[in-house]
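None of these values were measured; they are calculated from a predicted model. Below, chains carry the letters A, B, ... as their sequence lines are ordered, and counting in each starts from 1.
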2 protein chains.
Amino acid sequence: MPHPAKDCRRSDCPVSFTLDLLGDKWTLLVVRDILFKDKKFYGDFLSSEEGIATNILADRLEKLDQTGILTWEKDPNHGSKYIYHLTEKGLDLLPMLLEMILWGAKHDPQTAAPRKFIQAVKKNREGVIREIREKLR
Amino acid sequence: MPHPAKDCRRSDCPVSFTLDLLGDKWTLLVVRDILFKDKKFYGDFLSSEEGIATNILADRLEKLDQTGILTWEKDPNHGSKYIYHLTEKGLDLLPMLLEMILWGAKHDPQTAAPRKFIQAVKKNREGVIREIREKLR
DNA sequence: CTGTATCCTTAGGGATACTG
DNA sequence: CAGTATCCCTAAGGATACAG
């Protein structure tokens with residue numbers, strides 16, 4: 001059952017549903033790290049510049065797993081314990097994240113979003129989506 | 001300065017920026033109500049099925065105003081005190097909200113999203129965006 | 001190092017009372 | 001009715017210690 005139980009969903013509205021799963025300040029940063037920064041290890045996420053706390057990170061990884069957005073597997077090289085990656089459901093978040101990036105880049109005067117990437121998304125949204133999905137598959 | 005002060009932004013990443021402003025379980029529900037449900041009065045928002053508390057609503061309206069996403073004006077008919085509406089910056093959230101709807105509708109088995117609307121968005125995203133923007137202007 | 005668990009403070013937010 | 005303010009509790013989450 002990769003979705004909230006009856007008593008933790010506030011309504012059947014899709015916006016509300018999405019917010020029930022992802023509506024906080026940290027969860028989507030983990031998704032962002034995987035989608036756009038090729039991160040896959042626990043320490044990768046920990047070292048992101050926003051400075052997520054280790055308990056928060058562990059909690060979010062577990063919740064993302066429970067909701068079927070992310071999974072992990074043992075690291076064969078054993079440099080790390082696990083390799084985290086998105087499921088199809090998680091990869092489906094890419095368009096939403098891209099819109100968040102466009103909105104943030106447009107309205108944040110001190111954004112650090114790379115101009116080239118923003119232009120690429122504006123010019124060829126579907127292409128960028130396909131490319132990133134391919135890379136992560 | 002319609003954006004977070006230096007000490008409340010976690011990084012210059014556009015995703016992080018967007019989450020700093022909108023990353024909680026309630027704020028985007030108000031935006032949704034305006035964009036898709038033609039709500040404009042305090043009581044409209046209060047009566048949404050998710051059941052936002054009055055103090056939370058007041059707080060979010062104020063924050064959305066501080067960040068330049070929403071404004072209000074006196075209601076000339078005085079049925080209500082104020083009429084709330086989105087700024088251009090707020091209307092710019094529409095594409096992101098649409099992606100949230102698509103994702104929620106796809107992955108929530110008990111979604112209440114109208115099939116026709118979902119199809120319309122998939123088929124003619126830009127058209128839907130233009131139409132809704134026009135209506136709210 | 002990777003990941004887990006504990007402690008403890010603050011902030012989010014529900015219930016409800018209050019004002020115009 | 002529209003909107004504000006208070007009370008109070010729970011949960012989010014920062015710091016940090018601990019285990020493999």
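The CD1 atom of A:I83 sits 13 Å away from the P atom of C:dT2 (whole-angstrom rounding). Going from atom NZ of A:K74 over to atom P of D:dG20 covers 15 Å, rounded to whole Å. Taking atom NZ of B:K39 as the reference point, atom C1' of D:dA2 lies 16 Å away to the nearest angstrom. With rounding to whole Å, B:Y82 atom OH is found 11 Å from D:dT4 atom C1'. Summarising the geometry, the separation between NZ on A:K40 and C1' on C:dT2 is reported as 17 Å, rounded to the nearest angstrom. The CG-P distance, from A:L46 to C:dC1, rounds to 10 Å in whole Å. Atom P of nucleotide D:dG14 and atom CG of A:D59 are separated by 12 Å, given to the nearest angstrom. Between A:D44 atom CG and C:dT2 atom P there is a gap of 8 Å when expressed in whole angstrom units.
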What's the verdict on side-chain contact (heavy atoms from CB on, under 4.5 Å) for A:L94 and A:L98, showing C-alpha distance, side-chain angles and the deciding distance? CA-CA 6 Å; A:L94 183 46; A:L98 286 179; 4.1 Å; yes

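Using a 4.0 Å heavy-atom cutoff across all strands shown, A:F45 reaches no nucleic acid atom at all.
Residues satisfying the side-chain hydrogen bond (donor to acceptor under 3.5 Å, both in side chains) criterion with A:R125, sequence neighbours excluded, are A:E99, B:E99. Here A:A112 pairs with B:D12 under the side chain to side chain contact (heavy atoms under 4.5 Å, CB included) rule; sequence neighbours left out. Taking B:D75 as the reference, B:F41, B:N77, B:S80, B:I83 meet the side chain to side chain contact (heavy atoms under 4.5 Å, CB included) condition, with sequence neighbours excluded.
Sorted by first then second residue, the salt bridge (Lys or Arg N to Asp or Glu O under 4.0 Å) pairs that include residues 53-63 of chain B, not counting sequence neighbours, are B:D24-B:R60, B:D59-B:K63.
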With a 3.5 Å cut-off and sequence neighbours excluded, list the donor-acceptor pairs that the side chains of residues 130-137 of chain A form with protein atoms.
{"residue": "A:R133", "atom": "NH1", "partner": "A:D92", "partner atom": "OD1", "Å": "2.9"}
{"residue": "A:R133", "atom": "NH2", "partner": "A:E88", "partner atom": "OE1", "Å": "2.5"}
{"residue": "A:R137", "atom": "NH1", "partner": "A:E88", "partner atom": "OE2", "Å": "3.0"}

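Comparing A:K81 and B:S80, the nucleotide of DNA chain D nearest to each residue sits closer to the 5' end for B:S80.
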Please write out each protein N/O paired with an N/O of nucleotides 13-16 of chain C under 3.5 Å, distance rounded to 0.1 Å.
{"residue": "C:dG13", "atom": "OP2", "partner": "B:R60", "partner atom": "NH2", "Å": "2.2"}
{"residue": "C:dG14", "atom": "N7", "partner": "B:N55", "partner atom": "ND2", "Å": "3.3"}
{"residue": "C:dG14", "atom": "O6", "partner": "B:N55", "partner atom": "ND2", "Å": "3.0"}
{"residue": "C:dA15", "atom": "N6", "partner": "B:N55", "partner atom": "ND2", "Å": "3.3"}

